[in-house]
Amino acid sequence: MMKQLPFNNLEEMINTSGNPVFALRGSQIGPFPFPGVAPEYTNWRDEQRAWQEAVAILNLSHHETDVYISGPDAIKLFSRIGANRFDNFPVNRAKQLCCCNPDGFLIADGILFHLEEDLYRVAGTPMICNYVQYHAETGGYDVSADREDNSLLREGPPRLFMYQIQGPNALELMRRVTDGEMPDIGFFHIGNFSIKDIPVRALRHGMAGSPGFEVFGDWSNGEKIMDLLVEAGQDLGVRKVGSLAYPTTSVESAWLALPIPAIYDHPDLQGYRQWLTARNPEVIASLGGSFVSDNIQDYYVRPEELGYARFIDFNHDFIGKDALLGSIDSPARKKVTLVWNKDDAAEVLSSSLLDEETNAKFPTLPLCVYSMFQYDTVMQGNRQVGFAQYTINSANARAFLSLAVIDVAVSEPGTELTLLWGEPDTKRPTVESHVMRKVRVTVAPAPFYEKKIAQGNSWPAR
């Protein structure tokens, strides 16, 4: 049980601490949790390889948050808070919902499903669901919001099972379990069909460069569907993916999973900060890594820096529109992958385990982050040029990879930079005493692997 905190909401947390950075950097909360799924079903290395070489099944049923929005003003709500286009969004379509603050900084993004004529589902991290729910409840819209938390917070089972089927053999697996009757589903369209007479739906998308599907249906059928998928895929190299390998998909797919939401300082968001209680991660999450600034805005990102400019629509009025109009065509930074120098990576790992006096920070494998919001400084010489958020060990790349946001001027693939690994002057008992390391890194594209789906977009595990 979480101890009683000296504040009730985010606004009080900021006022109590004097600076949200201080509070977040002092939090003892660890990385984002993935409940309800075994750490490994076989081993995380082969489970990673499955989504590149064969077929992987990833279980989304337990870790994500959902908000169901219904009512005649649903599209009006999404159009106001989302930078996307919504004038052509029929049933059985999905899109990446991108929400910004009035200054154009990203608050959060997630997947928006149009399930029925008057029913929408927002799925993803608590950050996107919190923001949507707040506006649904306080914005004067004729809508209702039905929230379903993840399995750490929810009582009872989820209402839906959600399985990602990913990899070069994903389509063949789906053909087998549907007896060849699966409909041809367009990218980010939703299909309705049956698996052995059990009704299911599937979102067509991809991750880590491979084609795939997100199959979902009534929770009561989830175990049977999983068994059917595993049985049908034995000779296709099917593997269930555990919670160790699962979050590493975000780096290979180039999805910045947990940037700090841009909500901590803008006066227009005071009401939202008062709405967010002490049970929300925006209030109690930890901020870690070598990048340290007293200015919370230094941790914010903009949608154009993440490659989201392609779906921002300026033909409607949305929060942050004016600010984005001035920056969308000339981003100052760019999302890239950083490949760690193998000798430096080996030294960090060896030192963290075997060097008693100058040990490096242990890079937990395969997801090396140790805070919910992880920010590590990236430098060129003595100049800071950005930050890395997620670092993983990839069995597919046989390398340590970091997903980073860096200055455009140093973003060309092949550019050599330096990443600072560790946390300066840490006082958190969850972080062991260590000596920081300079790690040589080389810029590579993001996503790291070439996309193999015709529409040219990929969406990672959420």
**Message:** Show every salt bridge (Lys or Arg N to Asp or Glu O under 4.0 Å) that has at least one partner inside residues 256-265, sequence neighbours left out.
**Reply:** none
**Fill in**
salt bridge (charged side-chain N to carboxylate O under 4.0 Å, His left out) filter on Glu416, not counting sequence neighbours, yields none
**Request:** Applying side-chain hydrogen bond (donor to acceptor under 3.5 Å, both in side chains), name anything that partners Tyr120, two or more places apart in sequence or on another chain.
**Result:** His114
**Item:** Pairs flagged by ring-ring contact (aromatic ring centres under 6.0 Å, His included) wherever residues 343-366 is involved - sequence neighbours left out
**Value:** none
**Prompt:** salt bridge (charged side-chain N to carboxylate O under 4.0 Å, His left out) with Glu11: which residues, sequence neighbours excluded?
**Reply:** Arg273
**Item:** Contact list for residues 282-302, test salt bridge (Lys or Arg N to Asp or Glu O under 4.0 Å), sequence neighbours left out
**Value:** Arg302-Glu304
**Prompt:** Any salt bridge between Arg440 and Glu347, counting N to O under 4.0 Å?
**Reply:** no
**Request:** State which residues pass salt bridge (charged side-chain N to carboxylate O under 4.0 Å, His left out) with Arg147; sequence neighbours excluded, sorted by chain then number.
**Result:** Asp149
**Request:** Report the residues that fulfil side-chain hydrogen bond (donor to acceptor under 3.5 Å, both in side chains) with Arg175, sequence neighbours left out, ordered by chain and then residue number.
**Result:** none
**Item:** Any pair counted as salt bridge (Lys or Arg N to Asp or Glu O under 4.0 Å), so long as it reaches residues 354-363, sequence neighbours left out
**Value:** Lys361-Glu432
**Request:** Could I get the full list of salt bridge (charged side-chain N to carboxylate O under 4.0 Å, His left out) partners for Arg383, not counting sequence neighbours?
**Result:** Asp407
**Complete:** By side-chain contact (heavy atoms from CB on, under 4.5 Å), Pro31 pairs with (sequence neighbours left out) Val369
**Request:** Could you name each residue pair satisfying salt bridge (Lys or Arg N to Asp or Glu O under 4.0 Å) that touches residues 17-45, not counting sequence neighbours?
**Result:** Arg25-Glu423
